[in-house]
Amino acid sequence: MDTDFPDLLNVIDIEATCWDGQPPPGAVSEIIEIGLTVLDLRAPDGVSPARTGSGARGRVARHRILVRPARSTVSAFCTELTGLTQAEVDTGVSFAEACRLLASEHRAGIRPWASWGDYDRNQFVRQCRATGTRYPFGHRHTNAKLPFTAAHGLRKRPGMAEALRVAGLPLEGRHHSGADDAWNIAALILDTAARGAWPTEDRQDT
């Protein structure tokens, strides 16, 4: 964990190439957007433009990495869902470079991280193995859906949009935008933490 700011958490949400039905022959689902919100669990929510010892509150930074797919293209269905176009993701970096950026600029191997469900973690694992890319994250991952479900006494694990309704929080931005979804998931984590249900470091998922 960061030595200067030990309570920082990376909240990750990805978007990937997808189709209405089966992928075209030879195509595989690939990450095309990585949304990342840096969350400070020490204090109530708010946005701090600078990282200072007294000014940090809640969601303190948001980032977006566009990733250029190598074995697939963005379908019309994918554009309708995510808002991303082929022309836009063509301006992105390679998957290997995106992983390098996560590790070098966002301390992904050091900070604990969270996502809504296990899809994001599993997709990174699959794509890293398929491309021979070094996995950028450490082992301290939390499926944020689990403690949220427990905190609210729900019988079923909700999707992100439903969870926001349960918590009485607004959906900020566009659903299925990686950057916006990461921002909203961070708000749900703050809600969970405020209820005393966010796991401590020694109880995080692996």
Side-chain angles (χ1 to χ4, degrees), residues 8-21 23-24 26-39 47-49 51 59-138 141 143-144 159-161 164 171-189:
L8 293 183
L9 176 76
N10 281 342
V11 182
I12 299 285
D13 185 84
I14 64 170
E15 301 302 327
T17 50
C18 54
W19 301 268
D20 185 11
V28 296
S29 183
E30 298 175 280
I31 294 170
I32 52 177
E33 182 190 7
I34 303 167
L36 189 157
T37 291
V38 181
L39 186 59
V47 180
S48 173
R51 187 116 190 103
R59 297 176 291 185
V60 297
R62 61 188 297 171
H63 304 279
R64 182 187 192 220
I65 302 173
L66 289 178
V67 186
R68 188 173 61 251
R71 297 180 57 193
S72 62
T73 57
V74 178
S75 67
F77 173 81
C78 188
T79 295
E80 183 178 356
L81 182 68
T82 68
L84 294 166
T85 64
Q86 184 65 44
E88 187 173 11
V89 300
D90 280 344
T91 68
V93 299
S94 68
F95 176 69
E97 176 64 10
C99 289
R100 189 195 68 78
L101 289 172
L102 286 170
S104 63
E105 296 190 9
H106 303 294
R107 311 191 76 174
I110 300 172
R111 290 178 189 161
W113 68 291
S115 59
W116 196 258
D118 283 323
Y119 164 76
D120 306 77
R121 178 171 61 89
N122 290 335
Q123 178 64 31
F124 266 104
V125 169
R126 284 193 298 268
Q127 197 163 337
C128 283
R129 286 175 178 169
T131 60
T133 302
R134 183 174 180 179
Y135 184 68
F137 300 104
H141 171 264
N143 175 350
M160 188 204 75
L164 289 168
L171 194 160
E172 301 179 63
R174 177 194 175 110
H175 194 13
H176 298 301
S177 155
D180 290 343
D181 282 358
W183 187 254
N184 285 303
I185 293 164
L188 291 169
I189 292 172

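Residues: numbered from 1 along the sequence shown.
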Which value, rounded to the nearest 0.5 Å, describes the distance between [X] atom [atom1] and [Y] atom [atom2]?
{"X": "Asp120", "Y": "Ile12", "atom1": "CG", "atom2": "CD1", "answer": "8.0 Å"}
{"X": "Leu36", "Y": "Ile14", "atom1": "CG", "atom2": "CD1", "answer": "12.5 Å"}
{"X": "Leu39", "Y": "Trp183", "atom1": "CG", "atom2": "CH2", "answer": "9.5 Å"}
{"X": "Thr82", "Y": "His176", "atom1": "OG1", "atom2": "NE2", "answer": "9.5 Å"}
{"X": "His106", "Y": "Leu101", "atom1": "NE2", "atom2": "CG", "answer": "6.5 Å"}
{"X": "Gln86", "Y": "Thr17", "atom1": "CD", "atom2": "OG1", "answer": "9.0 Å"}

Exercise for review: For side chain to side chain donor-acceptor pair (under 3.5 Å), just list the numbers for His175 and Asp181, CA-CA rounded to whole Å, side-chain angles, deciding distance to a tenth of an Å, and then say yes or no.
Suggested key: CA-CA 6 Å; His175 194 13; Asp181 282 358; 3.3 Å; yes
**Study point:** Residues in side chain to side chain contact (heavy atoms under 4.5 Å, CB included) contact with Arg68, at least two apart in sequence or another chain
**Key:** Asp90, Ser94
Give a yes or no on whether the backbone of [Y] and the side-chain of [X] come within a donor-acceptor separation of less than 3.5 Å.
{"X": "Asn10", "Y": "Val38", "answer": "no"}
{"X": "Gln123", "Y": "Ser29", "answer": "yes"}
{"X": "Thr79", "Y": "Leu84", "answer": "yes"}

**Study point:** side chain to side chain donor-acceptor pair (under 3.5 Å) partners for Ser115, two or more places apart
**Key:** His141
Check your understanding: Under the side chain to side chain donor-acceptor pair (under 3.5 Å) test, which residues partner Thr131, sequence neighbours left out?
Key -> Thr133
Review point. Can a salt bridge be assigned to the pair Arg59 and Glu172 using a cut-off of 4.0 Å between side-chain N and carboxylate O?
Key: yes
Point to revise | Arg64/Glu88 ion pair, N-O < 4.0 Å | key: yes
Exercise for review: Go through the side-chain N and O atoms of Glu30 and Ser72 and say whether any donor and acceptor fall under 3.5 Å apart.
Suggested key: yes
Point to revise | Side chain to side chain, Leu188 and Asn184, heavy atoms closer than 4.5 Å | key: no
Review point. Is there side-chain contact between Trp113 and Arg107, with at least one heavy-atom pair below 4.5 Å?
Key: no
Practice item. Over 60° means perpendicular and under 30° means parallel, so classify the ring planes of Phe137 and Phe124, tilted if in between. Key: perpendicular
